[in-house]
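For ligands, and for the atoms within them, numbers begin at 1 and follow the listed sequence. Quantities reported herein were computed from a predicted structural model and do not represent experimental measurements. Numbers here simply count residues along the sequence, with the first being 1.
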Amino acid sequence: MGINMERVLLAGFFLIALLLSGSDAKPIEVTISARRGVEVLLPCSLDSDMDPDNVSVRWSSSKDSFITSGLRVLKYVNQIEVVKMSKMEWNLLIKSATDTFAANYTCMADQKVLLSNVQLLILVAPKIDFGGTSSPVVNVDEGGTVELTCAFTGEPVPRITWLRGDDKQATGITGRKLVLRDVKRYATDVYTCRGENSVKNNEDYTMNLTVKFPVEVDVMEKTIKVMKGGVFTLSCFAQGAPLYDTYWIDNSGTKVTATPWKYKFVVEPVGAHVPAKFVTLETKPGTFTAHDFGTFTCVAEGEGHEARATVEVVELKESK
Ligand SMILES: *[C@@H]1O[C@H](CO)[C@@H](O)[C@H](O)[C@H]1NC(C)=O
Ligand SMILES: *[C@@H]1O[C@H](CO)[C@@H](O)[C@H](O)[C@H]1NC(C)=O
Ligand SMILES: *[C@@H]1O[C@H](CO)[C@@H](O)[C@H](O)[C@H]1NC(C)=O
């Protein structure tokens, strides 16, 4: 039998544990955590007053009754083995740990003498449990309460932390739920829950939260005075979630959504999260005539309604 270093070290560790526990025949009680795929040695030793040549030892598990009897393997043939590094030892070797082997194991001598109890935990990296997790797109009305939830499976039970933004800034919030009350539009962002345990493969799950609010428009100046042939700029700040079309209506009632010959039309997004835009209408030099004075209207379309704001463009007479 090929005995590798790890096994020898493990055996050595348990030997020391045994020596420390003395000879008052207390059964070994241990919990072993192992990753999937590794070799695991479950310790079992006879009490010092037992005759190693005249004893029979059996391993059983909480999942199966007996899995070994003496050196004979009764279940998981080829996957487990009884390993005796000395006459007194009856260790059980699991050649490659899988979830199947996560159980409580008992090593017993004749007359039901308990030699060891081993709890074997198979470490499992965190994995998102969609059953207990919010959908990746969450909407809430401004002023409402929203609960983002995340669930992870894993062994040990993963710890959950919450991060915010595309750059995943720590929020300091931990646990399954992130609760936002009286939520403001500025809370619109990407939220990530991260599951971590001692297995170093974190898992992240991301949700896009949108705080909905009715569209609003604001004009910078309500009245603009300009001379015939002059150049002016009309600026409007539109926000809303959702925010659909934004445009200006000129004094003749024409909707301006692109740059025609007379105007330059510009829509610039503002900020990364809250849907907001600057909607700008700029006259091109020499195009503005006496017919063009009047009311201009900035319009933002939202869900089921729109918002408007007007600007009066009045003639600035040359004072002589
Ligand atoms: C131990 O050995 C004795 C004889 O030396 C025998 O009578 C007894 O049955 C054996 N016990 C076991 C458990 O095998
Ligand atoms: C193993 O034993 C521990 C503690 O004794 C117990 O909490 C756990 O539920 C048991 N596990 C199984 C799989 O029986
Ligand atoms: C969430 O928002 C990001 C941009 O911040 C985007 O790249 C991603 O596709 C969105 N995810 C979903 C599910 O809408």
Side-chain angles (χ1 to χ4, degrees), residues 17 21 26-36 40-44 58-68 75-76 79-80 92 94 97-108 112 114-124 128-141 146-151 153-158 162-171 178 180 183-195 197-198 203-213 239-244 268-277 303:
S21 73
K26 260 192 262 159
I28 304 171
E29 298 275 352
V30 276
T31 299
I32 296 178
S33 298
R35 290 198 191 206
R36 288 172 178 158
V40 186
L41 193 69
L42 312 187
C44 178
R58 298 164 123 198
W59 277 96
S60 60
S61 87
S62 55
K63 284 191 176 162
D64 305 285
S65 53
F66 291 104
I67 53 176
T68 65
K75 251 209 121 176
Y76 309 112
Q79 298 180 69
I80 63 172
L92 183 71
I94 295 169
T98 59
D99 296 350
T100 315
F101 290 107
N104 288 339
Y105 292 83
T106 305
C107 178
M108 266 192 219
K112 300 211 157 125
L114 179 63
L115 301 175
S116 71
N117 260 329
V118 184
Q119 183 175 14
L120 178 60
L121 302 173
I122 303 300
L123 299 180
V124 182
I128 193 78
D129 172 5
F130 290 103
T133 297
S134 302
S135 88
V137 176
V138 178
N139 293 318
V140 61
D141 288 324
V146 66
E147 248 185 48
L148 302 178
T149 58
C150 271
T153 56
E155 179 63 50
V157 174
W162 290 87
L163 313 165
R164 181 175 174 176
D166 290 320
D167 52 353
K168 298 188 179 178
Q169 301 261 7
T171 62
L178 176 69
L180 301 170
V183 67
K184 300 287 185 281
R185 61 193 63 175
Y186 311 104
T188 292
D189 211 337
V190 178
Y191 292 85
T192 301
C193 56
R194 174 170 291 167
N197 66 12
S198 57
E203 172 139 300
D204 283 359
Y205 176 82
T206 292
M207 283 153 273
N208 286 5
L209 175 69
T210 301
V211 180
K212 296 174 91 172
F213 63 97
Q239 56 178 332
L243 176 60
Y244 299 134
E268 287 175 277
V270 185
H273 300 302
V274 178
K277 290 169 180 173
E303 206 164 56

Just to verify, what does T133 make a side-chain contact (heavy atoms from CB on, under 4.5 Å) with, not counting sequence neighbours? I128, C150, A151, Y205
For the residue pair V146 and Y191, establish whether any side-chain heavy-atom pair is separated by less than 4.5 Å. no
With a 4.0 Å heavy-atom cut-off, what residues sit around ligand 2? S62, N104, Q119
Would you call D204 and R194 a salt bridge, taking side-chain N to carboxylate O under 4.0 Å as the test? yes
Suppose I only count heavy atoms of V190 and a 4.0 Å limit; which atoms of ligand 3 are within that range? 5 (O)
For the side chain of K75 and the backbone of S60, is there at least one donor-acceptor N/O pair under 3.5 Å apart? no
Select one of side chain, backbone, both or neither to describe which atoms of D166 lie under 4.0 Å from any atom of ligand 3, heavy atoms only. side chain
Could you state the interatomic distance from CG (L209) to OG1 (T188), rounded to the nearest 0.5 Å? 6.0 Å
Take K184 and V211 through the test side-chain contact (heavy atoms from CB on, under 4.5 Å) and record every step on the way to the result. CA-CA 7 Å; K184 300 287 185 281; V211 180; over 6 Å; no
Taking C-beta and beyond as the side chain, do S135 and M207 meet within less than 4.5 Å on heavy atoms? no
